[in-house]
*Asks:* 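Here it is, the structure in full.
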Amino acid sequence: MALSVRSWVANEGGKHLVLVLWLGANTLLFMRTFLMYYCGQQYHYLHQMLGLGLCISRASASVLNLNCSLVLLPMCRSLLTYLRGTHTVRSRKARRLLDKSKTFHVACGVAICVFSVVHVSAHLVNVVNFSVRYSEEFPSLNVARYRGEDPRLIILTTVPGITGILLVLILFLMFTASSYCIRVSNYEIFWYTHNLFIVFYIILIVHVVGGALKYQTNFEAHPPGCLRANQTNPDKTEEESGQAVGDGWSCREEARFQPNSPETWLWVSGPLCLYCAERLYRYIRSYSPVTIVAVVRHPCDVIELRMLKKDFKAHPGQYIVLNCPSVSSFENHPFTLTACPTEKKETLGIHLRVVGDWTERFTELLLPDPGAESEILPMVQQRRYPKLYVDGPFGSSSQEVFNYEVSLCVAGGIGVTPFACVLHALLDGWRHFRLRRLYFVWVCRELQSFYWFAELLCALHHKLWKENRPDYLNLQLFVSQTDGLQNISEERYRPLSSRLMIGRPRWKLLFEEIGRTNKHKRVGVFCCGPKGISRTLHGLCNSDRYSGTTFEFNKESFS
Amino acid sequence: MGKIEWAMWANEQALAAGLILLTGGIVGVAGQFRDWEFAAYAIAAGVFVCLLEYPRGKRNKGTSVERTGQYCFTVCVKSFGPLTRNYYVRAFLHAAICVPGGFILATVLGCVCLGIASLIYLAAAIRGEQWEPILPRKESARKPVGESIKLPPQNPPPRPPAEMRRKRAEDLEAAAYVNPITVTANDD
């Protein structure tokens, strides 16, 4: 699979451009602050005392300011959903960048950790220098109270010192709980430690208030270095001291120092207020509980849930976040919508797979064990559903399926849920979308899984046949477990059984076929499934195509 | 809700703290500050903690993700038996290791981080967690195929007795037998 420049630029170009711009902004800020402290006249005496540690610590602090403000923006999910939907952002390329918001957040987070290490090391050196090079000439410049004060004492008795230690500890807790392993196994640890960010930001704003670093306010009247010229130095010759005194180097007054004004709050307060507003908005929006209308059990541990919520509007491909206080008060779990509310049907539906302890307990509350049911009372009267809160909807990359002329949707197992919503929308009306052809590939481990959406697929197939567009939907079903005789035997599911194939799909052949039949078009590839499949598809999208077709890769991930 | 495995988080923290201790120790020795012997100790302690914490333990439920190349470390750590299996031992060991780091400035941060990791290990130990090594899965995971499938069949397939098989001209109706699977003409 040779890499093609055109395909690579179409798929990866936008992301890498943003990366380059971000790195450029960081580098520029670092260099500018570094040079200001290295060469600036107002910091001359401070630089003399502290050396390189001053410049590095201040430069890394300014980079930290930038990243601490940027790191919050990708997490304003409602804002991003608003930007993505209703074509507020015109260009599809720009909307694709919104898919990578979590990656950008992680990049800023890593930058914060790296530059914190640099900042802390440089400040530790500064503290040692404050102690060792205590200045008798300019007593107001000092942070230490006497020469040779223990550096650890300096840290513990100043506001920046203590707040700095607390910040490092919080960052340590947040960073160690954010690894992929912990997020997959114990999401609660990640969630609770990450919510310490608010404490982090408050302490950050207090951290810079200490005013430990001072700049000289009167460097026109007192050019730095002029005090030494006025002092008589027995070692210097007459010539040298005569040269040093001339050229306007006379001191008119004593050097005066003032602490730097804190500017972190300028950087950070905007995004912080925006994020807090967003959280408040989400809380208000999810305040009223939803009414559960129906619960259906499907094969292979899947439950379909139908709910009613007032003033809820969603587009196909979006997801919601469920919170059930009877199961767990603080846990929120995302689920893709499989049915959006329309004029004909107002309920919203999700399909959830029972995999972990939250879903198990939730299912127990919804559907009691078949054996334990009482036969006296009818089911409807006995059923008391738990209270459920729904937050959302939030946007995802699968919303773009309708904005390509040709789309390829690849689903693995329960990953079919975003596409199920797309198919529901097509069932209601397919003519007004830009989409002209949809290739739908669904790979499941077990045959029974196809029954989740068998009705929907057959209904859409029949509708398209009746309206004389049989080539609109190109359906391919694969069962990856190859042992045993497997067939969908029901007569009404004939369209599915004739399109069912045993074994794994051959992606390269599929891409070649799509390329040949859709020459010189832009095909949107949407993948929601295991990592192996998405990696293969991503590689194929970036590789050489002989028919002039560009494949744009969009991935939806559930973790 | 549900069981949180604290030991996994403590493992990440201890590994990070070991690295911080190591870095602080290197800086302390390189700068030749006063009491640089503590920094030299910190280097040794940091390396030891990293080696001890590098192999990830096995999860109780679900798949465990290994760190790259951790198998040889797993074997070494496993050989210490109950000393490394028990998290109380690890908690107190880390608490003891971190104390000398607090004496000089360069290693203070490593000391505090390792202290936090030791507290989380204590919490894990109180909840009864244990370190289980992740060993490579044995090949017997595949379904065992019955032995009889490998031998060719010894007997011919069962057929009705010879009298029934022989077609009798006088009794065509009885001689015919019904096909168990319906036979249809080929459409393609």
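Naming convention: chains lettered A, B, ... in sequence-line order (proteins, then strands); numbering from 1 in each chain.
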*Asks:* Between A:F175, A:F172, A:F330, which has the largest tally of heavy atom pairs under 4.5 Å with chain B?
*Replies:* A:F172

*Asks:* Counting only heavy atoms closer than 4.5 Å, note whether A:T193 contacts chain B via side chain, backbone, both or neither.
*Replies:* side chain

*Asks:* Can you tell which part of B:L15 gets under 4.5 Å to a heavy atom of chain A, answering side chain, backbone, both or neither?
*Replies:* neither

*Asks:* Any luck finding a side-chain donor-acceptor pair between B:H94 and B:Q13 under 3.5 Å?
*Replies:* no

*Asks:* Is chain B contacted by the side chain of A:L173, its backbone, both, or neither, given a heavy-atom distance below 4.5 Å?
*Replies:* both

*Asks:* Any side-chain donor paired with an acceptor under 3.5 Å for A:N126 and A:R58?
*Replies:* no

*Asks:* Given that the side chain runs from C-beta out, which part of B:I120 has a heavy atom under 4.5 Å from chain A: side chain, backbone, both or neither?
*Replies:* neither

*Asks:* Would you say the rings of A:F190 and A:Y187 are close, in the sense that their centroids are separated by under 6.0 Å?
*Replies:* yes

*Asks:* Please classify the contact of A:V120 with chain B as side chain, backbone, both or neither, using a heavy-atom distance under 4.5 Å.
*Replies:* side chain

*Asks:* Of the backbone (N, CA, C, O) and the side chain (C-beta and beyond), which part of A:L124 lies under 4.5 Å from a heavy atom of chain B, both, or neither?
*Replies:* both

*Asks:* Under 4.5 Å between any side-chain heavy atoms of A:F130 and A:P151, yes or no?
*Replies:* no

*Asks:* Is there a donor-acceptor contact under 3.5 Å linking the side chains of B:E5 and A:N186?
*Replies:* no

*Asks:* Begin with the C-alpha distance, continue with both residues' side-chain angles, and end with the deciding distance and a verdict on side-chain hydrogen bond (donor to acceptor under 3.5 Å, both in side chains) for B:W131 and B:T84.
*Replies:* CA-CA 7 Å; B:W131 186 83; B:T84 44; over 6 Å; no

